[in-house]
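What follows is a short report on a single structure.
Reminder, nothing fancy here: chain letters follow the sequence lines and each chain counts from 1.
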Amino acid sequence: TQLLEQSPQFLSIQEGENLTVYCNSSSVFSSLQWYRQEPGEGPVLLVTVVTGGEVKKLKRLTFQFGDARKDSSLHITAAQPGDTGLYLCAGETLNDMLRFGAGTRLTVKP
Amino acid sequence: GAVVSQHPSWVICKSGTSVKIECRSLDFQATTMFWYRQFPKQSLMLMATSNEGSKATYEQGVEKDKFLINHASLTLSTLTVTSAHPEDSSFYICSARTGGTQYFGPGTRLLVL
């Protein structure tokens with residue numbers, strides 16, 4: 001079983017729709033990071049959330065860290081085809097390791 | 001921003017041969033680097049933590065004699081897949097940590113025939 005449960009695993013939506021990806025765990029993390037990965041490339045960091053209850057916005061992307069620092073969500077408003085990709089959450093454990101969720105493969109159709 | 005490179009970007013080898021993958025931090029020094037493996041349509045799985053000047057720490061289930069890690073300098077870590085077999089075919093990604101953030105390399109795709 002994975003330390004971080006990410007859902008949904010696959011998501012296919014139309015351009016302009018909103019979506020939310022969830023990342024849940026029973027463990028507490030010192031920080032939680034969201035990455036986006038294109039095929040054949042390494043993951044690229046989108047955001048790091050550190051404080052429980054923290055909300056960060058990156059243009060149409062909104063990231064939230066749960067109050068207990070065990071879960072997080074990524075919300076995308078008015079999705080565009082350019083948002084297509086694999087979205088990964090990763091929790092940083094107390095010994096500075098990154099544990100990744102299974103990933104959410106998003107497809108936005110024009 | 002911090003840049004991490006990997007070489008080669010892809011490699012095809014015969015079963016039984018050894019393959020070395022390099023991970024370099026180009027504009028910063030990293031006392032700690034990490035090696036991950038990613039199978040098709042799956043997430044990244046941590047293989048080992050590479051510490052400059054000391055032995056690597058391997059995750060449970062990862063054979064240290066098969067996946068040799070050398071972190072000889074503050075900007076270079078190497079992963080050698082010894083006696084590679086087809087089941088070792090995967091996407092290998094390294095990361096280097098600075099300022100509390102891990103920066104990832106572009107990955108190396110290994111295909112063992």
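The two residues A:Phe100 and B:Leu44 have their closest heavy-atom pair at CB-O, 3.7 Å.
Only the side chain of B:Thr49 comes within contact range of chain A, judged by heavy atoms closer than 4.5 Å. Residue contact with chain A, scored on non-hydrogen atoms closer than 4.5 Å, is absent for B:Tyr103. Looking at A:Gln6, there are no atoms closer than 4.5 Å to chain B (heavy atoms on both sides), in backbone or side chain.
For the pair B:Ser43 (side chain) and A:Gly101 (backbone), a donor-acceptor distance under 3.5 Å is present.
Linking ILVMFWY side-chain heavy atoms closer than 4.5 Å, directly or via other members, places A:Tyr87 and A:Leu11 in a single hydrophobic cluster. Hydrophobic clustering (side-chain heavy atoms under 4.5 Å, transitive across Ile, Leu, Val, Met, Phe, Trp, Tyr) groups A:Phe65 together with A:Leu58. If you chain together hydrophobic residues whose side chains sit under 4.5 Å apart, A:Leu3 and A:Val21 fall into the same group. A single hydrophobic cluster is seen to contain both B:Val11 and B:Tyr92, as judged by linkage of ILVMFWY side chains at heavy-atom distances under 4.5 Å, directly or through other members. Residues B:Trp35 and B:Leu68 do not share a hydrophobic cluster, defined by chaining ILVMFWY side chains whose heavy atoms lie under 4.5 Å apart.
Interatomic distance, CE of A:Met97 versus CZ of B:Arg97, reported as 7.5 Å (0.5 Å rounding). Taking CG from A:Leu45 and OG1 from B:Thr101, the interatomic distance works out to 6.5 Å, rounded to the nearest 0.5 Å. The CD atom of A:Gln9 sits 10.5 Å away from the NZ atom of B:Lys41 when rounded to the nearest 0.5 Å. With values rounded to the nearest 0.5 angstrom, B:Phe104 atom CZ is found 8.5 Å from A:Leu88 atom CG.
A salt bridge is defined here as a Lys NZ or Arg NE, NH1 or NH2 lying under 4.0 Å from an Asp or Glu carboxylate O, and A:Glu41 with B:Arg109 fails to meet this definition.
With 3.5 Å as the limit, one finds a donor-acceptor pair spanning the side chains of B:Gln38 and A:Gln37.
Counted within 6.0 Å of OH on B:Tyr58, heavy atoms from surrounding residues, nucleotides or ligands total more than 12; the atom is thus considered enclosed. Counted within 6.0 Å of NZ on A:Lys57, heavy atoms from surrounding residues, nucleotides or ligands total 12 or fewer; the atom is thus considered open.
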